[in-house]
Amino acid sequence: EGKRLVIFGDSIAKGVTYQDGRYHLCSEHNFDALAQKGITVSNFAKMGACSDTVLTIAKKRLDACGDAQVILSFGGNDCDFDWQAVSASPDDVHLPRTDAELYRDNLCRMISDVRAAGMKPVLVNLPPIDGEHYLRFITRKGLSEKNILKWLGSPQRIYRFQERYSMIVSRVARECKCRLFDIRSAFLGVW
C-alpha cells in the first residue's frame, strides 16, 4: 500500500519499440497491474537519453519523488557512436557518445543523488544487442555499411561495446551495494 516506483532511463525504460520502420510506445508497457496493488509509477524515461540527460532529468524530479524505489535503466545511447561520422570517415578515431569512465561517474552520481533524496536505487544492466541486426538498422537509410565495417572490423564489435557498458552497470551495482535487475542474463538465458 502506498508504495511508489520511479523510473529514470532511456527508450527501453520508456517502453519504446521499433516496428515497421517506426518507433512506437509499447501498448503492453503500462502499469495498471501495479496500480491495482497500490503501487504508483512515475516514468521519467526519455527516448534517446544518454546518462547526462537522465542525470539532469533526475535532478529536477527527485525532490518530488518521496520515498520511492528508483529504477535506473540507461546506457544504450551512451555506448553508441555517431554512425554518420563513422560512415563518412572510417579511418578516423571515433568515440562513444559518452566515454565509459564518464558513464560510470554519471551512474555513481545518480546513485548518490537518489540515496541523498532518501530513496533506494535499483540498477538495470543493458539487454544484449545483435551486432549484425543493429548494423542493418543503422545503415538502412544510406550510410555506408562497407565504411562502417572497415572501422568496426566486425559487426560483433557493436555487441562488445554495448557489453562493456552493461558490465559497468553490474560492477557499479556491486561496488555501491545496489540491487541489480539483471535483464541481460534473462535475455541470454544465463542463470
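Computed from a prediction, not measured in an experiment: that's the story for all the values here.
Remark: Arg184 is not positioned above the aromatic ring of Phe187, lacking an NZ or CZ atom under 6.0 angstrom from the ring centre and at most 45 degrees off the axis.
Between Ile71 and Phe8, the closest side-chain pair of non-hydrogen atoms is not below 4.5 Å. Between Leu143 and Ile148, some side-chain heavy-atom pair lies under the 4.5 Å cut-off. Residues Arg4 and Ser42 meet the side-chain proximity criterion, which asks for heavy atoms closer than 4.5 Å. Within the 4.5 Å cutoff, the side chain of Gln69 has no heavy atoms near those of the Val6 side chain.
Panel note: side chain Gln162, backbone Pro127; a donor-acceptor pair is recorded below 3.5 Å. In this structure, Thr56 contributes its side chain and Asp52 its backbone to a donor-acceptor pair below 3.5 Å. Here the side chain of Ser166 pairs a donor or acceptor atom with the backbone of Leu126 at under 3.5 angstrom. Checking side-chain atoms of Asn43 against main-chain N and O of Ala13 turns up a donor-acceptor pair under 3.5 Å. Without hydrogens or angle criteria, Ser89 side chain to Asp92 main chain gives no donor-acceptor distance under 3.5 Å. Within the 3.5 Å criterion, the main-chain N or O of Cys79 finds no donor-acceptor partner in the side chain of Arg97. Between the side chain of Asn77 and the backbone N or O of Cys50 there is no donor-acceptor pair closer than 3.5 Å.
Residues Val41 and Val70 do not share a hydrophobic cluster, clusters being chains of Ile/Leu/Val/Met/Phe/Trp/Tyr side chains in contact below 4.5 Å. Both Phe44 and Leu123 are members of a single hydrophobic cluster when ILVMFWY side chains are connected at heavy-atom separations under 4.5 Å. Phe137 and Phe81 end up in the same hydrophobic cluster when Ile, Leu, Val, Met, Phe, Trp and Tyr side chains are linked at under 4.5 Å.
Heavy atoms only, all atoms of each residue included: Cys108 and Val172 are closest at SG-CG1, 4.0 Å. Scanning all heavy atoms of the two residues, the minimum distance from Ala68 to Met119 falls at O-CB, 3.1 Å. Contact detail for Leu152 and Arg157: the closest heavy-atom pair is O-CD, 2.9 Å. Nearest heavy-atom pair, Ser185 versus Asp182, reported as atom, atom and distance to 0.1 Å: OG-OD2, 2.6 Å.
Residues Tyr159 and Tyr134 keep their aromatic ring centres 6.0 Å or farther apart.
Contacts of Thr98 classified as side-chain hydrogen bond (donor to acceptor under 3.5 Å, both in side chains), with partners at least two apart in sequence or in another chain: Asp78. With sequence neighbours excluded, the residues that form a side-chain hydrogen bond (donor to acceptor under 3.5 Å, both in side chains) with Arg109 are Asn106. Residues that satisfy the salt bridge (charged side-chain N to carboxylate O under 4.0 Å, His left out) test with Asp80, not counting sequence neighbours, are absent from this structure. Remark: Lys150 engages Asp91 in a salt bridge (charged side-chain N to carboxylate O under 4.0 Å, His left out) (not counting sequence neighbours). Scored by the side-chain contact (heavy atoms from CB on, under 4.5 Å) test, Arg115 finds Ile111, Pro121, Cys176, Cys178 as partners (sequence neighbours excluded). Not counting sequence neighbours, the partners of Ser170 by the side-chain contact (heavy atoms from CB on, under 4.5 Å) test are Asn125, Arg174, Leu180. Taking Ser154 as the reference, nothing meets the side-chain hydrogen bond (donor to acceptor under 3.5 Å, both in side chains) condition, with sequence neighbours excluded. Judged as a side-chain hydrogen bond (donor to acceptor under 3.5 Å, both in side chains), and not counting sequence neighbours, Lys120 has no contacts. Partners of Leu149 under the side-chain contact (heavy atoms from CB on, under 4.5 Å) rule, at least two apart in sequence or in another chain, are Leu135, Glu145, Pro155.
Note: Ile12 CD1 to Ser73 OG = 6.0 Å, rounded to the nearest 0.5 Å. Between the CG atom of Leu107 and the CG atom of Leu55 there is a distance of 10.0 Å, given to the nearest 0.5 Å. Going from atom OG of Ser51 over to atom CG of Leu72 covers 11.0 Å, rounded to the nearest 0.5 Å. Taken to the nearest 0.5 Å, the NZ atom of Lys3 stands 6.0 Å off from the CD1 atom of Ile39. Atom CG of Leu188 and atom CD of Glu163 lie 8.5 Å apart (nearest 0.5 Å).
Salt-bridge formation is detected for the pair Asp113/Lys59: a Lys NZ or Arg NE/NH1/NH2 atom is positioned less than 4.0 Å from an Asp or Glu carboxylate oxygen.
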Applying side-chain contact (heavy atoms from CB on, under 4.5 Å), run through Val54 and Met110 and close with a yes or a no.
-> CA-CA 9 Å; Val54 174; Met110 186 76 154; 3.5 Å; yes

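Crowding of Phe181 atom CZ: a count of heavy atoms from other residues, nucleotides or ligands under 6.0 Å not exceeding 12. The environment of CD in Glu175 is crowded: more than 12 heavy-atom neighbours from other residues, nucleotides or ligands sit within 6.0 Å. Around atom CZ of Arg61, no more than 12 heavy atoms belonging to other residues, nucleotides or ligands sit under 6.0 Å away. The local environment of CG in Asp63 is sparse, with at most 12 non-hydrogen atoms from other residues, nucleotides or ligands closer than 6.0 Å. Annotation for Arg179: atom CZ does not count as buried by contact number, only 12 or fewer foreign heavy atoms lying within 6.0 Å.
Judged as a ring-ring contact (aromatic ring centres under 6.0 Å, His included), not a single pair has a partner in residues 51-78 (not counting sequence neighbours). Among residue pairs with one or both ends in residues 86-106, those qualifying as ring-ring contact (aromatic ring centres under 6.0 Å, His included) are His94-Trp151, Tyr103-Tyr165; sequence neighbours excluded.
Leu102 belongs to no hydrophobic cluster, as no Ile, Leu, Val, Met, Phe, Trp or Tyr side chain comes under 4.5 Å of its own.
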